[in-house]
Amino acid sequence: MKEVAFVLFLALLVLVSDAKVTKPNTKNFLRCLRSRTSPENPITDALFTPGNSTFVSSYVSYTRNKRFSNPKDTKLIAIVAAKHESHVQATVVCAKSNRIQIRIRSGGHDYEGLSYISSVPFVILDMHNLRSITVDVSNKKAWVEAGAILGELYTKIAEASKTLAFPSGVCPTVGAGGHISGGGYGNLIRKYGLTVDHVVDAKLVDVNSKILNRASMGEDLFWAIRGGGGASFGVILSWKLNLVEVPKTLTVFNVNRTLEQGGTDVFYKYQLVASKLPKELFLRSMPTLANGRKSGKKTIAVKFYAQFLGSAKKLMEIINKNLPELGLKREDCYEMSWINTTTFWDDYPVGTPTSVLLDRPSGPPRASFKSKSDYVKKPIPKEGIKKFWKTMLKFNNLVYIELNPYGGVMDKIPANATAFPHRKGNLFKIQYYALWNNEKATKVNLGLMKELYDVAKPYVSSNPREAFLNYRDVDVGSNPSGETNVAKAEIYGSKYFLGNWKRLMDVKAKYDPENFFRFEQSIPPLRAM
Ligand SMILES: Cc1cc2nc3c(=O)[nH]c(=O)nc-3n(C[C@H](O)[C@H](O)[C@H](O)COP(=O)(O)OP(=O)(O)OC[C@H]3O[C@@H](n4cnc5c(N)ncnc54)[C@H](O)[C@@H]3O)c2cc1C
Ligand SMILES: *[C@@H]1O[C@H](CO)[C@@H](O)[C@H](O)[C@H]1NC(C)=O
Ligand SMILES: *[C@@H]1O[C@H](CO)[C@@H](O)[C@H](O)[C@H]1NC(C)=O
Ligand SMILES: *[C@@H]1O[C@H](CO)[C@@H](O)[C@H](O)[C@H]1NC(C)=O
Ligand SMILES: *[C@@H]1O[C@H](CO)[C@@H](O)[C@H](O)[C@H]1NC(C)=O
């Protein structure tokens, strides 16, 4: 009796397990790909196997984190860098019939490499060749394919209009596929919300290799891919976006105050006001480890980045009224077009040609990084801030904590409007970030990042301690590559998705009941009871 109960328990816990699957039939998989594609759109140009001299370069060119960029550390069978929709469909059919897992990669910016690593045999479906963008100015819409990067999207929008924009991320090399499905945000968040608040249609290849749009997929799947992460549900081919209006001239600044310059007090006061400022102003604070005045001495430089939908004069008024402690000067402020703000925010000097937005990463990543996230609902007291500084000063390479203020429309949009749940009541989202070049420093950095996260615990959300999907962090829970354990999934699912978790599992059960689209942090198929 006990044994039966135990077996039942296991069956419930482990929905799908590949652990015992023998070596997959790679030959059959490749044969299947050829038979499923037509000579007009040959798959040979898109296919890379370990025998190809360009296999490794094809692998690393869209890996962003050196921690995971060695293909030898994974069980990679092939890369399909799809050049046509039929290549995507064939990859899904053939991987499924040969019981091979896939990882879907668009921009390759996943913080934990989950779009290009696995410990069971797998194929990478790489979308970077599918990257066309069309902008329809009169209807204020754009279609963007998954493999486009944000810099390309921003450039196309700016070429078509001086007063349209799209509210998404700050890094121009992020891919549309992962970024938008994970609920991407950027410096227009307080005025316009997230990427997913402006997605009006999508094209997706489902588990049966059918191409669906919003009308044919239905509202529940369309809800899930807006913030739930695309990779649990299918392969996003493209998004239809609603563009938003911006003035011809915006104002930006980037200033900092070190601890010696009273940075702690400015930072404390900043926390009290940032989420209550007019929604046209996004003021990010980013305490960063920096060199002190004396050589060999470290300090914290509390950086402030502003994006304001208005003039420098008006911005000065707002800052002087709400945060005079910053001591902002008019000459710190730059008035420029929206497209020029995107290079400013990526730390290019003012005057840099915007053609840099089209630079795609090539070659292996030079640095390793680790990131973690938190949501803050009440200001962090000064004693807490000082504890942060103390841990940050232990690092010997780049480390920062980035506060992204909420408020504005984020307080107005219900938590279940899309799958992205972190809305009302947050003062900030924090990102903790460390970057290092020397692989020997990995252990120390991962340890210090854990310490920073422990230091933060009393001051951030709890039960659950919320986390942001696009800031992927396997420490918040994960499954082995080849299995989906529901109890384990609940651990990361509750943090990423809060009250939307059950509904996401339900949608998953409806559209991918056999759990083909699975990975270390995917959503398990579990019917609501
Ligand atoms: C330098 C840097 C700056 C960043 N800045 C921001 C920011 O300002 N705002 C923000 O919100 N985020 C930001 N991010 C995080 C970024 O949004 C996420 O890493 C995002 O998932 C990246 O998307 P991608 O397509 O480039 O990544 P990928 O690694 O290709 O994919 C990420 C995830 O999405 C899945 N996926 C990718 N393409 C598809 C597809 N076509 N269909 C289905 N699933 C797919 C992958 O399988 C994986 O699970 C930043 C990341 C970096 C490295
Ligand atoms: C990789 O090698 C295979 C087998 O030799 C070949 O069919 C394919 O065209 C090669 N791919 C590329 C991109 O050259
Ligand atoms: C802080 O600002 C000063 C003056 O603008 C600048 O020289 C310095 O590089 C900045 N420090 C950091 C860490 O950004
Ligand atoms: C944007 O920046 C470029 C490069 O400095 C400059 O030539 C251009 O005039 C700027 N445009 C606007 C509208 O600010
Ligand atoms: C969100 O929840 C509310 C209250 O339960 C419900 O009325 C509404 O239909 C839900 N919205 C969506 C988009 O599911």
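Order of listing sets the numbers, starting from 1, for every ligand and every atom in it. Because the structure is a prediction, the values reported are computed rather than measured.
Of the candidates N340, T354, T341, I339, the one placing a heavy atom closest to atom 2 (O) of ligand 4 is N340.
Considering backbone and side-chain N/O atoms, A231 comes within less than 3.5 Å of an N/O atom of ligand 1. Annotation: T173 places no N or O atom under 3.5 Å from an N or O atom of ligand 1; distance criterion only. Considering backbone and side-chain N/O atoms, V235 never comes within less than 3.5 Å of an N/O atom of ligand 1. In terms of polar-atom proximity, defined here as any N/O pair under 3.5 Å, G175 does make such a contact with ligand 1. The shortest N/O to N/O separation between S181 and ligand 1 does not fall below 3.5 Å. Between G178 and ligand 1, at least one pair of N/O atoms sits closer than 3.5 Å. For ligand 1, none of its N or O atoms has an N or O atom of R105 under 3.5 Å away. Remark: ligand 1 and Y185 share an N or O pair separated by less than 3.5 Å (distance only, no angle test).
Figure legend: cation-pi geometry between R105 and Y59, with NZ or CZ positioned under 6.0 Å from the six-membered ring centre and within 45° of its axis.
In the vicinity of R503, heavy-atom distances shorter than 4.0 Å reach the ligand 5 atoms 12 (C), 14 (O). Residue G351 approaches ligand 4 through these ligand atoms, each under 4.0 Å from one of its heavy atoms: 4 (C), 5 (O). Residue contact check: D110 has heavy atoms under 4.0 Å from atoms 19 (O), 27 (O), 28 (P), 29 (O), 32 (C), 33 (C), 48 (C), 49 (O) of ligand 1.
When distances from atom 14 (O) of ligand 4 to the protein are checked, a heavy atom turns up under 4.0 Å. Within the 4.0 Å cut-off (strictly below), a protein heavy atom is located near atom 5 (O) of ligand 4.
Residue contacts with ligand 1 leave out G182, since none of its heavy atoms falls under 4.0 Å from the ligand. At least one heavy atom of T352 lies less than 4.0 angstrom from ligand 4. Contact analysis puts G234 in contact with ligand 1, with a non-hydrogen atom separation below 4.0 angstrom.
If you check which protein heavy atom lies closest to atom 3 (C) of ligand 5, you get N416 ND2, 3.5 Å. Here the heavy atom of the protein found nearest to atom 15 (C) of ligand 1 is N470 O, 3.4 Å.
Crowding of R330 atom CZ: a count of heavy atoms from other residues, nucleotides or ligands under 6.0 Å exceeding 12.
Between the side chains of N470 and Y185, no donor-acceptor pair is found at a separation under 3.5 Å. Looking at R423 and T418, their side chains do bring a donor and an acceptor atom within 3.5 Å of each other. N485 and E483 share no side-chain donor-acceptor pair at under 3.5 Å. Judged purely by distance below 3.5 Å, without hydrogens or angles, the side chains of S216 and N213 pair a donor atom with an acceptor atom.
Only one option out of Y154, F166, F344 pairs with W338 in a ring-ring contact (aromatic ring centres under 6.0 Å, His included); it is Y154.
Using cut-offs of 30° and 60° on the angle between ring planes, the pair F369 and Y433 is parallel.
The existence of a salt bridge linking E280 and R190 is excluded, since no basic side-chain nitrogen approaches an acidic carboxylate oxygen closer than 4.0 Å.
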Would E439 and R67 count as a salt bridge (Lys or Arg N to Asp or Glu O under 4.0 Å) if you check the C-alpha gap in whole Å, the side-chain angles of each, and the deciding distance to 0.1 Å?
-> CA-CA 8 Å; E439 272 160 275; R67 268 200 297 147; over 6 Å; no
